[in-house]
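Since the structure comes first, as structure tokens, the remarks are kept for the end.
Order of appearance sets the numbers: ligands from 1, and atoms from 1 within every ligand. Everything quoted here is computed from the prediction, not taken from an experiment. In this chain, numbering begins with 1 at the start of the sequence shown.
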Amino acid sequence: MTDRARVRVAALISGRGSNMQALVEAARAPDCPFMIALVLSNRPDAAGLDFSRRAGVATEVVDHKAFASREAFDAALDVALDAHGVDLVALAGFMRVLSAGFVERRAGRMINVHPSLLPQFRGLHTHRRALEAGVAEHGCTVHWVTPGLDEGAPIAQARVPVLPGDTEETLAARVLAQEHRLYPQALASVAQNLHAR
Ligand code: GAR
């Protein structure tokens, strides 16, 4: 597929960026319906920025600390996304809550990966909370972003077993491997549907 035919995706990160890396790698396939037009971080020191710069992907930092309000930060995000002609936003370990206005402007055009089987364990520390709750199964969800935190409709889920002796780290690693598989697939199906509109 030519670049002109692909859906232009911005991957928003705050840290390690391993999900963003999985998206960039998936977009290298010739028939992939999306391209990563921009990697944007709210943290100048996000480790994932090294990968995106080396991979030759357009990379921007919009440091939330430079803005007086959430709305001003979100307006700067809009400017960056528009400058890169972004059709679809993929939150990939982006740890800032976005204003309702920003989310509503991108309704149906913004997705997230979350490390739990939503609606279980919205918010932070999902692996610790799954272990504390004693669930037999855990996993990850790709979902639409709506103003309520981790409340948007699921697009796809992947399940993993919780094993005897699991720690937060072993469980997180098992889930993360599934995120890296699930997120590119789910993003591809969303991008296909945008094409078909
Ligand atoms: C991932 O596990 C992602 O699901 C989670 O942060 C991690 C980021 O890792 N996101 C959230 O918790 C969002 N609420 P990565 O930076 O290596 O992709």
Strictly by modelled atom types, are His138 and His127 linked by a side-chain donor-acceptor pair under 3.5 Å?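 The answer is yes; a qualifying pair exists.
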
Any side-chain donor near an acceptor of the partner, Ser18 and His180, under 3.5 Å: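 Present: a donor and an acceptor within the cut-off.
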
Is a side-chain donor or acceptor of Ser41 paired with a backbone partner of Val61 at a separation under 3.5 angstrom?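 Not a single qualifying donor-acceptor pair exists.
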
Exam field: side chain Arg53 to backbone Thr59, donor-acceptor pair closer than 3.5 Å: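 Checked: no pair found.
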
Ring-plane angle category for Phe94 and Phe73, please: parallel below 30°, perpendicular beyond 60°, tilted otherwise.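 Rings of Phe94 and Phe73: parallel, under 30°.
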
Among all residues two or more places apart in sequence or in another chain, which pass the side chain to side chain contact (heavy atoms under 4.5 Å, CB included) test with Arg8?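 Applying side chain to side chain contact (heavy atoms under 4.5 Å, CB included) to Arg8 gives Met35, Ala37, Asp87.
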
At a heavy-atom distance under 4.0 Å, which protein residues reach ligand 1? Sort them by chain and number, would you?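 Lining ligand 1 at under 4.0 Å, by heavy atoms, one finds Arg16, Gly17, Ser18, Asn19, Gly93, Met95, Val113, His114, Pro115, Leu176, Glu179.
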
